[in-house]
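To start, the structure itself, in structure tokens.
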Number of protein chains: 2
Amino acid sequence: MPKVKKLSIVDIAKQLNISKTTISFILNNRAQEKRISEELVQKVQNFVKEVGYKPNPIAKSLRTGKTKTIGLMVENIADPFFAAIARHIENKANKNGYKIIYCSTDNDTQKTKALLSMFREQNVDGYIISPPVGVEEEIKSLIESHLPIVCFDRHLHDVKTDYIEVDNEASTLKATQYLIDQGFKDIAFITFASTQTQMQGRLKGYQEAVKKNSLPSYIKEVKFNPDEMVVIESILDFLKKHKNLDAVIFGALQAGTSGLKAIKKWAPKRLADLGIISFDDCDVFELFSPSISAIAQPIDQIAEYAIDLLLKRLNNINTSKERKNIIIHTELILRDSSTKNASK
Amino acid sequence: MPKVKKLSIVDIAKQLNISKTTISFILNNRAQEKRISEELVQKVQNFVKEVGYKPNPIAKSLRTGKTKTIGLMVENIADPFFAAIARHIENKANKNGYKIIYCSTDNDTQKTKALLSMFREQNVDGYIISPPVGVEEEIKSLIESHLPIVCFDRHLHDVKTDYIEVDNEASTLKATQYLIDQGFKDIAFITFASTQTQMQGRLKGYQEAVKKNSLPSYIKEVKFNPDEMVVIESILDFLKKHKNLDAVIFGALQAGTSGLKAIKKWAPKRLADLGIISFDDCDVFELFSPSISAIAQPIDQIAEYAIDLLLKRLNNINTSKERKNIIIHTELILRDSSTKNASK
DNA sequence: GTGAAAGCGCTAACAC
DNA sequence: GTGTTAGCGCTTTCAC
């Protein structure tokens, strides 16, 4: 069990009988610039490869202040939406030599503040964040320190960051209008209580649609609870109070799945004629009977834009002070649950 | 936009007019041992808190060789099982002052090797891994370097690591037997082709059960494909070839959901009398009609054991050379799909 | 009880 | 073109 001491740049220098500076230049692709002979460059590169020398990234970080690490902060890494985002970001980050450290905020402001300062102490080079409300000052402080940061899924008011979002308002507006066009009249909007931009946008889209069509508005904002039974009960209460509803729009994936559980438990027969559309898409909606129409977010595209934008900032490709706000369209996937007829 | 220079231990030392050594001792809880006056300790601690000084973890790492980082390597972070594991591990790691850097192997041996050496270069303190077959040598090398490593979900043959697994074989044996007891006779086992220990175990449990009951064995090992349609088609083919099947056991979550899609597409009416049990549980199975019985893995428990064991190793609490292999029981959740009668 | 100083492995300013 | 050397910010040995 020989605890082999890892090679350092000094070892290489000694063995090759040249200075470690030269090696450093060669390894950092500055040979040309420093006009180091092609011959020497080859020699060093071959030797390095042969002995399998890898520069110690920690020493490098200490010196350069760069860690080649991206801090990914999501609401909850166990949520399929965020997990899929994480997956995509990981791929591209790795390809570009970056590692990802992740954490979940639970939309908890205090926790997020602690995590942000953890990332900061850790010297992550860039941030990809789905921020909860209440961390505006901390984010501003990051910006002031010129740390690149990209928000996604939602953004913060009065904080100028790059961000990627879908057109939430237009999406629910369109979905609601679709139900209305189908002939549904008493359409409820069931979502989680939240002041985050994306949630506000979804709510607004629904409100606009019913208002424009002079239809009544039924809004249920469930308080999020990690115990799903509580959420289900809450939705159940609402449904029982409004027996006249003929359609429901769920404002978020979890609201949708919990809502389906509630309906199935309470009045499975109502599924036959209740119009349903949910924000976000998943296997559950595809496989449910009736299959549930969904407002699908292009997850890969969101992740792609986010990591791409961050990498550009990190490489100073996009140095414009101008913040980039990218709005992506969702896709309304029509399945059986949004059709007004008995054949469902 | 004042780019405030972060305080270093030297700054503190200067301002307090004492040596940085003393500060280092105090901050690392070695004041007692070094018999530094209580008074001075208080003074330093107060000052440090007041100015918000945080030691630079990179410098610390360079010196100590510890990074307070755990490398989490899963098959695919977007998979709900692994995402849930990641979530749980994150919580506990953070509480103990560790950060997590994650990556997905895709069960690709070459990719995993690259990721392992990335983790190693990065000097992660410990590893939590769901390893693909083929990285035995690399893992052995980690062990030889005394790096703590915990495997989960599966383990590697002939490599002595700590690991956490469920009793795969017993689980499918029990599930298959349950179907048999219900009166099902032509039971298929549909899973992904894999030589990983957990998959082998699940297959074996099924085989034992049918053999013991002198029933025919129908095995379909689908080649995994990121394009789900290919998987669905493959399952469909198999089902069409074996029209006599009266029950199916799916060996993995994705096999289950893809399988349901296949059945729903091909012959939704068969759902009424086809016995179905799937490994892993999820909302889809609960909400499907009929609701699908499932072999549920206690995800939180698996994650808890994994991170707990790793933290113990990291803190040298469990220094025994003896590797710990923890086998956890699954829960067979009986829903409608496993009952043999027409009332489904 | 406290401090000076070496050194972790690297980069980069500067010297030659 | 290549080498010397000063740090990056910390821990820790050793001296006092």
Side-chain angles (χ1 to χ4, degrees), chain A residues 3-45 47-48 51-69 97 120-123 125, chain B residues 3-45 47-48 51-69 97 120-123 125:
Chain A
K3 178 93 179 182
V4 208
K5 182 87 174 54
K6 264 212 269 182
L7 293 156
S8 85
I9 196 167
V10 186
D11 301 322
I12 309 287
K14 272 187 194 148
Q15 295 194 44
L16 249 36
N17 211 21
I18 53 174
S19 143
K20 59 173 179 167
T21 310
T22 310
I23 301 182
S24 174
F25 284 145
I26 294 175
L27 261 34
N28 290 295
N29 297 316
R30 299 178 57 190
Q32 198 101 35
E33 166 193 341
K34 294 289 171 181
R35 294 192 295 170
I36 294 167
S37 70
E38 179 58 27
E39 176 180 32
L40 186 55
V41 170
Q42 277 306 323
K43 188 173 158 195
V44 170
Q45 285 178 340
F47 187 76
V48 159
V51 298
Y53 164 72
K54 303 270 165 126
N56 179 328
I58 298 174
K60 214 164 171 162
S61 296
L62 181 59
R63 187 60 233 242
T64 61
K66 297 290 166 219
T67 53
K68 284 289 185 176
T69 301
R120 195 154 188 184
E121 278 158 44
Q122 206 57 26
N123 260 293
D125 292 342
Chain B
K3 179 94 177 178
V4 208
K5 181 84 175 52
K6 264 214 268 182
L7 293 156
S8 86
I9 195 168
V10 186
D11 301 322
I12 309 287
K14 271 186 195 149
Q15 295 194 44
L16 249 35
N17 211 22
I18 54 174
S19 142
K20 60 174 180 169
T21 310
T22 309
I23 301 181
S24 175
F25 284 146
I26 294 175
L27 261 34
N28 289 297
N29 297 315
R30 300 179 58 189
Q32 199 102 34
E33 165 193 342
K34 294 290 172 182
R35 295 192 295 174
I36 295 168
S37 69
E38 178 57 29
E39 177 180 32
L40 186 55
V41 171
Q42 275 308 321
K43 189 172 155 195
V44 169
Q45 284 180 339
F47 188 76
V48 160
V51 298
Y53 164 72
K54 304 268 167 129
N56 178 328
I58 298 174
K60 216 165 170 160
S61 296
L62 181 59
R63 187 59 232 244
T64 62
K66 298 290 164 217
T67 53
K68 284 288 186 177
T69 301
R120 195 155 189 185
E121 277 158 44
Q122 205 58 26
N123 260 291
D125 292 342

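In what follows, chains carry the letters A, B, and so on, assigned in the order in which the sequence lines appear, proteins first and then strands, with residues in each chain numbered from 1.
The residue B:Ile58 sits apart from the nucleic acid: no heavy atom pair falls under 4.0 Å. Counting non-hydrogen atoms under 4.0 angstrom, A:Ser61 reaches nothing in the nucleic acid.
The stretch residues 12-28 of chain A participates, sequence neighbours left out, in these side chain to side chain donor-acceptor pair (under 3.5 Å) pairs: A:Ser19-A:Thr21, A:Ser24-A:Asn28.
A heavy-atom distance below 4.5 Å is found between the side chains of A:Val44 and A:Ile18. Two residues are said to be in side-chain contact when any heavy atoms from C-beta on lie closer than 4.5 Å; A:Asp11 and A:Tyr53 fail this criterion.
For B:Arg120, the side-chain hydrogen bond (donor to acceptor under 3.5 Å, both in side chains) criterion is met by B:Ser141, B:Ser145, not counting sequence neighbours. By the side-chain contact (heavy atoms from CB on, under 4.5 Å) test, B:Gln32 pairs with no residue at all, sequence neighbours left out. For A:Thr69, the side-chain hydrogen bond (donor to acceptor under 3.5 Å, both in side chains) test picks out no residue, with sequence neighbours left out. The side-chain hydrogen bond (donor to acceptor under 3.5 Å, both in side chains) test applied to A:Glu39 returns no partner, not counting sequence neighbours. By the salt bridge (Lys or Arg N to Asp or Glu O under 4.0 Å) test, B:Glu38 pairs with no residue at all, sequence neighbours left out. Partners of A:Asn123 under the side-chain hydrogen bond (donor to acceptor under 3.5 Å, both in side chains) rule, at least two apart in sequence or in another chain, do not exist in this structure.
B:Leu62 has its CG atom 9 Å from the P atom of C:dC10, to the nearest Å. Straight-line distance from the CG atom of A:Asn17 to the C1' atom of D:dG3: 12 Å, rounded to whole Å. Rounded to a whole Å, the NZ atom of B:Lys14 is 13 Å from the C1' atom of D:dG9. Rounded to whole angstrom, the span from the CD atom of A:Glu38 across to the C1' atom of D:dT2 amounts to 16 Å. Between B:Asp11 atom CG and D:dC8 atom P the separation is 10 Å, expressed in whole Å. When the C1' atom of D:dG9 is taken as reference, atom CD1 of B:Ile12 falls 12 Å away, rounded to whole Å. Per the geometry, NZ belonging to B:Lys68 stands 16 Å off C1' belonging to D:dC10, to the nearest Å. Going from atom CD of A:Gln32 over to atom C1' of D:dG1 covers 13 Å, rounded to whole Å.
Both A:Arg35 and A:Ser19 lie near DNA chain D, and the one whose nearest nucleotide falls closer to the 5' end is A:Arg35.
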Under a 4.0 Å heavy-atom criterion, the protein footprint on nucleotides 11-16 of chain D, written with B, S and -, is BBB---
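In the set D:dG3, D:dT2, C:dC10, the nucleotide with an atom closest to the side chain of A:Ile36 is D:dT2.
The bend of the helix from C:dG1-D:dC16 to C:dC16-D:dG1, defined by the angle between the axes of its first five and last five pairs, stands at 50° to the nearest 10°.
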